Number of protein chains: 2
Amino acid sequence: MGTTQPEAVPEPKYWHLKTVLSDALDSEFAVGEILPNERDLAARFGVARATLRQALEQLELEGRLQRRRGVGTSVAPPRMGVAVTDAGPNRPGAAGDAWQPIGSAWEAPPAAVARLLETEPGACVHIVRRTRRTRGQIVAAELLYVPARSVPALAAGPAEDSTAVLHELQALPLDGQDRSVELGSAGADEARQLDRLPGSPVLVVTTRYVAAGRTAAVAVATYRADTCKLTFGESTPPAVALAG
Amino acid sequence: MGTTQPEAVPEPKYWHLKTVLSDALDSEFAVGEILPNERDLAARFGVARATLRQALEQLELEGRLQRRRGVGTSVAPPRMGVAVTDAGPNRPGAAGDAWQPIGSAWEAPPAAVARLLETEPGACVHIVRRTRRTRGQIVAAELLYVPARSVPALAAGPAEDSTAVLHELQALPLDGQDRSVELGSAGADEARQLDRLPGSPVLVVTTRYVAAGRTAAVAVATYRADTCKLTFGESTPPAVALAG
DNA sequence: AAGTGGTCTAGACCACCCC
DNA sequence: GGGTGGTCTAGACCACTTG
């Protein structure tokens, strides 16, 4: 009896909070502006800080917010469109948007990669580490796995220079490539390169380069999921994608 | 003094927990097996339940675990490879892997979509809702936005049948399409269709279909990020992708 | 009714950034 | 040193599924 209001299913507080904050972000804050701190916000909305944080986490996941320890929470700019299709190791890529080699190694790849490469588990391959910078921001960290058979001009073993591997790889005639995209979380090393905390959500792009019917190389690139929108263009998208 | 071990930077507990659990998953549990409940696990590792949950959330984000309220936490199977490239509205798609129309409407699209469609903000378009099923599982929910000009054979206004819009769209000669992939979180409606909780991470695939130099249609598909790996193949990937 | 994961609280301490 | 977000705790209650 009483006030007959079954209330159906009460929406979780953090969910309601999220929509309220999202609206406020659109109407009352500018990009880059810093929000009040979490303790104040929680008090203002009458919830515990953990609950407020749950809402902030969601908004960060959607690319609406950016949080930096010791600094504060700010309104994030729209996600950058990052072209994936032509960013392969043997396409130098656009001038201002470049992959930068960080180093190289001669090690055994993880089992999953070895399977793709069709190499013996435990066998060593060239591993080139690169980062990708778009408009000044580091947006991705990549590990490029190249089996010795794909770069016959190089002696098996550690390469003196990471660019040598990339250079040899360019000489290889490609049949094609296939790619997959999935959600992951940044490992300790990737997190450092991407300037994020470990565990941050990333988009993992695995590219398999095929030459002469075999897998010539495998690239595993992890993109910041908060700031990036991966684009796969066939026609010319530029203005629209950037306007976001 | 005591044992002089500065311990450098202590790794967060939930991070360490995650790796321990991850190893245990590989070695001691089978796919589909249900883990001990959260309270027991937390006690066993000597942490608060919230901390244990933080580790579980990460593992779920990586597609290692599946949690169902009222049931328990189980070991997830490897992610399904879901082909995106040839799954457009005018490619019927493979036989066993199909989009199923759910309904249609005649409404104004969100502002972001209207911008892509180059229609007036507030103008109505055909909206077709579909779900995609792969191996029996619903993996994606899509909203297909079709402006009236792209389907001249149909009267402007609510379509009697969602298949009519799709049928007319197939008649349109396409110049090409471009796509973007980004991280998002499921809204209340999408969550219901995907059998997930609101806020669950999803991969949002936005496809712009171009005909005669204009945007003919826009599809916004949200894929379950926990169970799906999106594939963009140019060569034939099958066995490898499925073996995961 | 019992057991599960999901939400929420009120507090504490820590790591980091900037002044 | 003072402020920020990040981690952690110990408890409570709720929503859902299953027997």
Side-chain angles (χ1 to χ4, degrees), chain A residues 6-19 21 32-61 64-76 185-186 188 191-192 195-201 226, chain B residues 6-19 21 33-61 65-76 185-186 188 191-192 195-201 226:
Chain A
E7 192 56 27
V9 269
E11 200 174 37
K13 277 190 188 178
Y14 79 90
W15 186 260
H16 181 246
L17 245 186
K18 190 190 112 174
T19 65
L21 285 169
E33 195 172 347
I34 295 205
L35 273 58
N37 72 52
E38 297 182 348
R39 290 162 180 86
D40 286 353
L41 279 177
R44 179 176 317 185
F45 289 108
V47 300
R49 181 154 81 113
T51 304
L52 172 75
R53 278 178 61 79
Q54 210 171 342
L56 294 183
E57 264 151 38
Q58 286 251 346
L59 290 169
E60 191 180 28
L61 198 77
R64 306 284 317 270
L65 290 180
Q66 196 165 350
R67 299 195 285 178
R68 274 177 303 169
R69 168 156 47 177
V71 179
T73 302
S74 57
V75 181
S185 58
R192 219 177 312 110
D195 190 30
R196 299 257 62 201
L197 287 177
S200 304
D226 55 343
Chain B
E7 191 55 29
V9 271
E11 198 175 38
K13 277 191 188 176
Y14 78 91
W15 186 261
H16 180 246
L17 246 185
K18 191 190 110 174
T19 65
L21 284 169
E33 194 172 347
I34 294 200
L35 272 58
N37 72 52
E38 297 183 349
R39 290 162 180 85
D40 286 352
L41 279 178
R44 179 175 318 186
F45 288 108
V47 299
R49 192 178 153 218
T51 304
L52 186 267
R53 278 178 61 79
Q54 212 171 340
L56 294 183
E57 263 150 39
Q58 286 251 348
L59 290 169
E60 191 179 28
L61 199 77
L65 291 180
Q66 195 165 352
R67 299 194 285 177
R68 275 177 304 169
R69 171 159 39 180
V71 179
T73 301
S74 57
V75 181
S185 58
R192 219 176 312 111
D195 189 30
R196 299 256 63 200
L197 288 178
S200 305
D226 55 342

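A quick note: this is a predicted structure, and the numbers were derived from the prediction, not measured. Residue numbers start from 1 in every chain, and the chains themselves are labelled A, B, ... in the order their sequence lines are given, proteins ahead of strands.
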Find the distance B/Glu38:CD to D/dT17:P and express it as a whole number of Å. 16 Å
Phosphate contact (C/dT9 OP1 or OP2) by A/Thr51 side-chain N/O below 4.0 Å: yes
What is the distance, to the nearest angstrom, from the CD atom on A/Gln66 to the P atom on D/dT4? 18 Å
Heavy atoms, side chains only, cut-off 4.5 Å: are A/Pro12 and A/Gln54 in contact? no
Pairwise side-chain contact, B/Glu11 with A/Pro198, heavy-atom cut-off 4.5 Å (strictly under): no
Options D/dC8, C/dT7, D/dA15, nucleotide nearest the side-chain atoms of B/Arg53: C/dT7
Side chain of A/Val47 (C-beta onward), nearest among C/dT9, C/dG6, D/dT9: C/dT9
With a 4.0 Å limit, can you tell me whether B/Asn37 has a side-chain N or O closer than that to the phosphate oxygens OP1/OP2 of C/dT4? yes
So, does the side chain of B/Arg49 form a donor-acceptor pair with the base of C/dG6 at under 3.5 Å? yes
What closest approach, in Å, do B/Gly199 and A/Trp15 show between heavy atoms, and which atom pair accounts for it? N-CZ3, 3.4 Å
Between A/Gln54 and B/Gly70, whichever has its closest DNA chain C nucleotide further toward 5' is B/Gly70
Starting at atom CG of B/Leu41, determine the distance to atom P of C/dG6, rounded to an integer number of angstrom. 13 Å
Please work out if A/Leu56 contacts a base, only the sugar-phosphate, or nothing of the nucleic acid, heavy-atom cut-off 4.0 Å. nothing
Using a cut-off of less than 4.0 Å, is there contact between a side-chain N or O of A/Arg39 and OP1 or OP2 of D/dT4? no
Taking atom C1' of D/dA15 as reference, at what distance in whole Å does atom CD of A/Glu11 sit? 15 Å
Please determine which of A/Arg67, A/Arg196, A/Arg64, A/Arg68 meets the salt bridge (Lys or Arg N to Asp or Glu O under 4.0 Å) test together with A/Asp226. A/Arg196
With respect to the phosphate group of C/dG5, does any side-chain polar atom (N or O) of B/Thr73 fall under 4.0 Å of OP1 or OP2? yes
In whole Å, what is the span from the CD atom of A/Glu57 to the C1' atom of C/dT7? 13 Å
Among the candidates D/dA10, C/dC8, D/dT17, find the nucleotide nearest to the side-chain atoms of B/Val71. D/dT17
Rounded off to whole Å, could you give me the CH2-to-P distance for the A/Trp15 and D/dA15 pair? 17 Å
Regarding the side chain of B/Leu197, the nearest nucleotide among D/dT9, C/dG6, C/dC8 is C/dG6
Min side-chain heavy-atom separation A/Phe45-A/Thr51 under 4.5 Å: no
Return the value, rounded to whole Å, for the distance between atom CZ of A/Arg67 and atom P of C/dC17. 16 Å
Separation of B/Phe45 atom CZ from D/dT7 atom P, in whole Å? 19 Å
Report yes if at least one side-chain N or O of B/Tyr14 is closer than 4.0 Å to OP1 or OP2 of D/dC8; otherwise report no. no
Under 4.0 Å, heavy atoms only, any strand: does B/Arg68 hit a base, just the sugar-phosphate, or nothing? sugar-phosphate
To the nearest 0.5 Å, what is the distance between CG (B/Leu35) and OG1 (B/Thr73)? 6.5 Å
